[in-house]
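Only one structure is covered here, and it is reproduced in the block below.
Both backbone and side-chain heavy atoms feed into the values below; hydrogens, waters and symmetry mates do not.
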Amino acid sequence: QEIKRKNEAQQLLQKCIDLPELQPYFPLDANGKPDEVYINFWAPTIFSTDLVVTSHGEKLKFLPMSQASPSFQNAFFLFKNCECTPTFAIVSFEYTYNYKIQPKTIEVKLTLQKINDLWEVSDTQINSR
């Protein structure tokens, strides 16, 4: 049962990371390759920090908010809330990019439904600030 829940949390988190609307804002390094993106967190955590999620083939690192200083290059996710039933989930988070130059934040509220054991996005609300 625990593994199934962890797998579901991983699926939900990956859906957020892979959201097509955010992809244009992912940072690139000097060579034009995808640069590191982090997942910020504070206690209590919304998602377990031992989940494995990727972006452009690279595993995302979880960092406590207090470490978001010089090590922070470009972009990070901050998950604020996750309401989840066995077949329905609402995840609220912020994606901040261009952090070192001129930070911009996109607020996202995703509604997901489980269809045939897979989580699918059923509604996306995005607010840039």
Side chains of [X] and [Y] only: does a donor on one sit below 3.5 Å from an acceptor on the other?
X      : Y      : value
Gln102 : Asn98  : no
Thr96  : Thr105 : yes
Asn81  : Glu83  : yes

Under a 4.0 Å N-O cut-off, is there an ion pair linking Asp50 with Lys6?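 Salt bridge present between Asp50 and Lys6.
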Between [atom1] of [X] and [atom2] of [Y], what distance do you get to the nearest 0.5 Å?
X      : Y      : atom1 : atom2 : value
Leu78  : Ser92  : CG    : OG    : 11.0 Å
Glu94  : Glu107 : CD    : CD    : 5.0 Å
Leu112 : Cys82  : CG    : SG    : 8.5 Å
Gln113 : Ile90  : CD    : CD1   : 10.0 Å
Asp35  : Leu28  : CG    : CG    : 8.0 Å
Phe93  : Leu13  : CZ    : CG    : 9.0 Å

Applying ring-ring contact (aromatic ring centres under 6.0 Å, His included) between Tyr95 and each of Tyr38, Phe77, Phe79, report the one that passes.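 That would be Phe77.
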Close side-chain approach of [X] to [Y], heavy-atom, < 4.5 Å:
X      : Y      : answer
Pro27  : Val37  : yes
Glu8   : Lys114 : yes
Ile115 : Thr87  : no
Leu22  : Ile106 : yes
Ile126 : Thr124 : yes
Phe41  : Pro64  : yes

Would the distance check show the side chain of [X] and the main-chain N or O of [Y] forming a donor-acceptor pair, the cut-off being under 3.5 Å?
X     : Y      : value
Gln23 : Ile17  : yes
Thr85 : Phe88  : yes
Asp29 : Asn31  : yes
Gln11 : Trp119 : yes

Partners meeting side-chain hydrogen bond (donor to acceptor under 3.5 Å, both in side chains) with Asn116 (sequence neighbours left out):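 Not a single residue meets the side-chain hydrogen bond (donor to acceptor under 3.5 Å, both in side chains) criterion with Asn116.
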Should Leu110 and Val108 be marked as a side-chain contact (heavy atoms from CB on, under 4.5 Å) after you check the CA-CA gap, both sets of side-chain angles, and the distance that decides it? CA-CA 6 Å; Leu110 276 190; Val108 180; 4.0 Å; yes
For Tyr25, all residues meeting ring-ring contact (aromatic ring centres under 6.0 Å, His included), sequence neighbours excluded: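 Here the qualifying residues are Tyr97.
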Which atom pairs, one a donor and one an acceptor, fall under 3.5 Å between side chains of residues 51-63 and the rest of the protein, sequence neighbours left out?
from	atom 1	to	atom 2	distance (Å)
Lys61	NZ	Glu36	OE2	2.6

